[in-house]
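Everything below concerns the one structure shown next.
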2 protein chains.
Amino acid sequence: MTPAIAQEGTGTSGGNMDVTTQIESFGACQAVTDMLSRVGDKWSMQVVMKLGEEPRRFNELRRAVDGISQRMLTRTLRNLERDGLVSRTVTPTVPPRVDYALTDLGRSLWMPVAELSRWVLENRVVIEAARAQYDLTIE
Amino acid sequence: MTPAIAQEGTGTSGGNMDVTTQIESFGACQAVTDMLSRVGDKWSMQVVMKLGEEPRRFNELRRAVDGISQRMLTRTLRNLERDGLVSRTVTPTVPPRVDYALTDLGRSLWMPVAELSRWVLENRVVIEAARAQYDLTIE
DNA sequence: CTGGATCCTATTGGATACTG
DNA sequence: CAGTATCCAATAGGATCCAG
């Protein structure tokens, strides 16, 4: 497995290029899509949001994220941890205690996601209306 | 319970509440997740990006988005159209001509997505490193 | 309490053939 | 050209049982 994405002197903080140009620069479009997929799955964002409020233990998190199965919570946390967005701290007591929290990277993701959240909140009604309209004209 | 995130007010539009509060206000968390799922699938963002450059016809789009199958391009466009993000204009000539373009709503989505794109571009190296590190320590 | 392992179903996406 | 229809493979996700 080669994670190796050609990471040349990536525009540290971009700076003067507009985003479109940046994206087309070196196949980063794919990276963006990948990240959206990662964070766009069924549970990741809800977990990140809950951890954004405060660090939580496994079962706390399970209760906080409504409807998530144990398996999916574990898998979601593992993915987020692997990406460096969430930290996992084990206290080897009996019974064991495991604390999850956002890392600095995870918190930094929070901001652009918050912008996206704002967009959704501002446009959800329009979107719902568009869907209803579309569904009408189709049938 | 306080959001660990400094929200820096931003309020690009209408929002006087901070995003965390908004999100928790009325189960919008789910709406955000839904939208991320919609836009986070394998092709939606790439299509939106290409249409953000300029309106395109079906097969133009197909060539522009590398690797997409005809079926998935159709489905992706239908979803985006249903959400009101993309417009579809049919010119009933022979052969038929169908033009796709971003709507105003679609273009407005482009901005927060650009922020997310910027974040990905700025942090992809860190993420790749985190993954490599994680993959090492587990095996 | 925190998960790993297993089994099963649903959804996603690709390949191909066909049509107005 | 711009799709639709069908079949198939891969993946995501849920339920359940087991273990340290």
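Residue numbers begin at 1 in each chain, while the letters A, B, ... track the order of the sequences. FYI, side chains are in, hydrogens and waters are out, and symmetry mates aren't considered; it's all heavy atoms of this structure.
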In whole angstrom, what separates [X]'s [atom1] from [N]'s [atom2]?
X     : N      : atom1 : atom2 : answer
A:R57 : C:dT2  : CZ    : C1'   : 9 Å
B:F58 : C:dG20 : CZ    : P     : 18 Å
B:R71 : D:dT4  : CZ    : P     : 11 Å
A:Q70 : D:dA15 : CD    : P     : 12 Å

Does [N] have OP1 or OP2 sitting under 4.0 Å from an N or O in the side chain of [X]?
X      : N      : result
A:R78  : C:dT2  : no
A:Y100 : C:dC1  : no
A:K42  : C:dT11 : no

Inset, instruction - Spell out, as yes or no, whether a donor-acceptor pair under 3.5 Å connects the side chain of A:T74 to the backbone of A:Q70. - result: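 At least one qualifying donor-acceptor pair exists.
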Inset, instruction - For A:R62, report the nucleic acid contact type (base, sugar-phosphate, nothing); a contact means any heavy atom under 4.0 Å. - result: nothing
Legend entry - Nearest-nucleotide comparison on DNA chain D, the residue closer to the 5′ end among A:D41 and B:L77: B:L77
Legend entry - 5′-ward residue of the pair A:P95/A:S69 relative to DNA chain D: A:S69
Legend entry - Salt-bridge criterion met for A:D83 and B:R131 (N-O under 4.0 Å): yes
Inset, instruction - Report, as yes or no, whether the 6.0 Å neighbourhood of atom CG on A:D135 holds more than 12 heavy atoms from other residues, nucleotides or ligands. - result: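 Atom CG in A:D135 is packed in, count exceeds 12.
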Legend entry - With A:Y100, the side chain to side chain donor-acceptor pair (under 3.5 Å) member among A:R57, A:R56, A:R88, A:K50: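 So the option named by the test is A:R88.
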